[in-house]
Amino acid sequence: MGEECAEVVVRINHPRLDRVFHYRIPEGTEKPQPGSRVTVPFGPRTVEGWVIGYSEPDPEISLREIAGITDVEPDFTEELLELARWMSGYYLHPMGEILDKISPPPKPKRPIQVFASPPVSPKVQPHELVLTVEQQIALDKIKKSLLCRDHSRFLLYGVTGSGKTEVYLRAAEAALVAGRQVLYLVPEIGLTPQKKQIFQERFGEQVAVWHHRLAGREKYRTWEGVRNGKLRVLIGPRSAVFAPFCELGLIIIDEEHDSAYKQQEKPYYHARQVALWRARYNSAAIILGSATPSLESYASAAWGRMEVLSMKKRPAGRSLPVVNVVDLRQEPAGRLSFLSEYLIEQIRLRLERKEQVILFLNRRGFAPLIYCPVCGDVIKCKNCSISLIYHKQTKDLRCHYCNAVRPLPGSCPSCGSTKKLRFLGVGIQRVEKEIVNLLPEARVVRLDFDTTRRKGDFQRILGSFARREADILLGTQMVTKGHDFPGVTLVGVLNADLSLNLPDYRSAEHTFQLLKQVSGRAGRGATPGEVVVQTLNPNHYSIRTACLGGDEFFYREEAYRRRSLGYPPLAI
DNA sequence: AGCACGCCGACT
DNA sequence: GTCGGCGTGCTC
């Protein structure tokens, strides 16, 4: 007769060691709980690992004993162990590395400051805001599901400015009142401060933020708070999906279509997928919110795996912006190919009216292509073989793939000609220069990777624009993310084709999402907004539907194309 | 991944 | 007769 022995996964990232090793428990020692961190003899050395369960091993192999237990408290709850096991199979990744990456933060050396007095009952600030009919219907369904604990999945499909945040807040309130915890996921760490403020105004100190850049002490305190239930609402980016909740009742994934939810390095995972798993495990409700759902979620809803909560209207007094498409092919051959006469006219009008403008171009730098007029060679990155981009402020060439920097050469690196190298194409710095030339009275700020290198730059630039210290906000991708500027009445998309022509089967989806998201920045105040989209492809289905409406048409068309080409999520 | 074992060439 | 090159194989 054998005996129950500990199943141990070692903390070594190697495919050949991605399995369970059995160990005996030393005489007179208490069995470590599953999830406990242990040290075990392993061949000639001693290594760290985790007990993940107990079973009767093959009697043929001779067993060794566990050398020591690191901590009385297990590193993982039963749920997180189960989750790691699922991830290991689903993402085909060694369990040891997954456990390593989701293990709790180390205990600080000095004693930690304990939370003053835990809230006995959920404190909730009263709120007077009247919900729209659509908000009320959505909220009622979510609340009902929270009470039944029936693990409902909702796709909160609401246009930008329809008040999704208010629905999240009230759903969170319902979960708190029911005595359960809330996980609120956002795409980026940069979005956590504002969300924290919004949630804390209503729920007070039971709200916390978690992300990997927190300082050691704060990190540990938050982790502990979530584990022992003193913290009730956790806000964070994808890594927060591994927090050790004890009574998880509601998960909210804001901007669920955002690709930042996918971890692109080991261990690979998609936070949306992990969140769905945890919601099911905990019989928790889950809300995926977006104005532009991912094709995956849209399909999921169409297949009946999720319930759609649709919000098509903005609250009273706030209309959706008018979208005008400018066909760049019809522009008279003028000096500037990237600023149509119509757009310039509209910018002027807004400046006169003292309103604000956002201009969006998804390309950093001054000119994306530098070539020699003699031999025609384009200067490329030595590492990546993609063309280098000229940056005006630093007067150098930069690779946008590997971030390599080199000076602008005085002669052609290929043929040695000293004839002046030529710039081709338009980046955001070039637009800035032309706008300043064209509209010298306008106060312009630029928001991109290069102007936000130092800590606080991002908030500083956005803050000054929000205080109306600038008239025009010029930016890349960054300007599209969930900001609310009531003074903005015009959004210009300088080149809608950039994302459309990327070699990615999702480029049409990404273009559609980008256009709708950036359009949503217009007309958030009392004055109605306008969006001007410049494009060479005014008839492309993603541009047409994003500009003229008809989301269903876009999703149907895109689904049809994916299915015929065998691409996810409709591959057969 | 580590770490030991092992089996051949060049050195005291 | 010993030191050390890194190919092979194992880890409960």
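Reckoned from all heavy atoms, side chains included, excluding hydrogens, waters and symmetry mates. Order of the sequence lines sets the chain letters (A, B, ...), proteins ahead of strands, with each chain counted from 1.
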Report, one line per pair, each donor and acceptor closer than 3.5 Å where one atom sits in a side chain of residues 63-72 of chain A; sequence neighbours left out.
residue: A/R64; atom: NH1; partner: A/G43; partner atom: O; Å: 3.1
residue: A/T70; atom: OG1; partner: A/R37; partner atom: O; Å: 3.1
residue: A/D71; atom: OD1; partner: A/E73; partner atom: N; Å: 3.4

Solution key, residues 97-105 of chain A side-chain donor-acceptor pairs under 3.5 Å, sequence neighbours excluded:
residue: A/E97; atom: OE1; partner: A/N13; partner atom: ND2; Å: 3.3
residue: A/E97; atom: OE1; partner: A/H93; partner atom: NE2; Å: 3.2
residue: A/E97; atom: OE2; partner: A/K101; partner atom: NZ; Å: 3.1
residue: A/D100; atom: OD1; partner: A/R11; partner atom: NE; Å: 2.7
residue: A/D100; atom: OD1; partner: A/R11; partner atom: NH2; Å: 2.8
residue: A/S103; atom: OG; partner: A/D100; partner atom: O; Å: 2.7

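Protein chain A contacts DNA chain C from C/dC10 to C/dC12, reading 5' to 3' and using non-hydrogen atoms of the protein with a distance under 4.0 Å.
A centroid separation of 6.0 Å or more is found between the aromatic rings of A/F554 and A/Y298. Taking the six-membered ring for Trp and the full ring otherwise, A/Y168 and A/F199 have centroids separated by 6.0 Å or more.
Against DNA chain C, the stretch residues 86-101 of chain A makes no heavy-atom approach under 4.0 Å. Within residues 42-54 of chain A, the residues approached by DNA chain C to less than 4.0 Å at the level of any non-hydrogen atom are A/F42, A/G43, in residue-number order. A heavy-atom distance below 4.0 Å to DNA chain C is reached by these residues of residues 7-17 of chain A, ordered by number: A/R16, A/L17.
Judged by the 6.0 Å distance and 45° axis criteria, A/K31 is positioned over the aromatic ring of A/Y54. Figure legend: cation-pi geometry between A/R453 and A/F449, with NZ or CZ positioned under 6.0 Å from the six-membered ring centre and within 45° of its axis.
For A/S36 (side chain) and A/Q33 (main-chain N/O), a donor-acceptor pair under 3.5 Å exists by modelled atom type.
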Go through the steps to decide whether A/R561 and A/R563 satisfy the test side-chain contact (heavy atoms from CB on, under 4.5 Å), and finish with yes or no.
CA-CA 5 Å; A/R561 286 167 189 248; A/R563 181 177 284 119; over 6 Å; no

Are A/H22 and A/S55 close enough, and set up right, to give a side-chain hydrogen bond (donor to acceptor under 3.5 Å, both in side chains), and what steps lead you there?
CA-CA 8 Å; A/H22 284 95; A/S55 61; 2.8 Å; yes

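Checking each of A/W86, A/Y91, A/F242 against A/Y269 for a ring-ring contact (aromatic ring centres under 6.0 Å, His included) leaves exactly one that passes, namely A/F242.
A/Y567 and A/Y505 have parallel rings, their planes meeting at less than 30° on a 0 to 90° scale where 60° marks the start of perpendicular.
The shortest non-hydrogen separation linking A/K262 to A/R238 is O-NH1, 3.9 Å.
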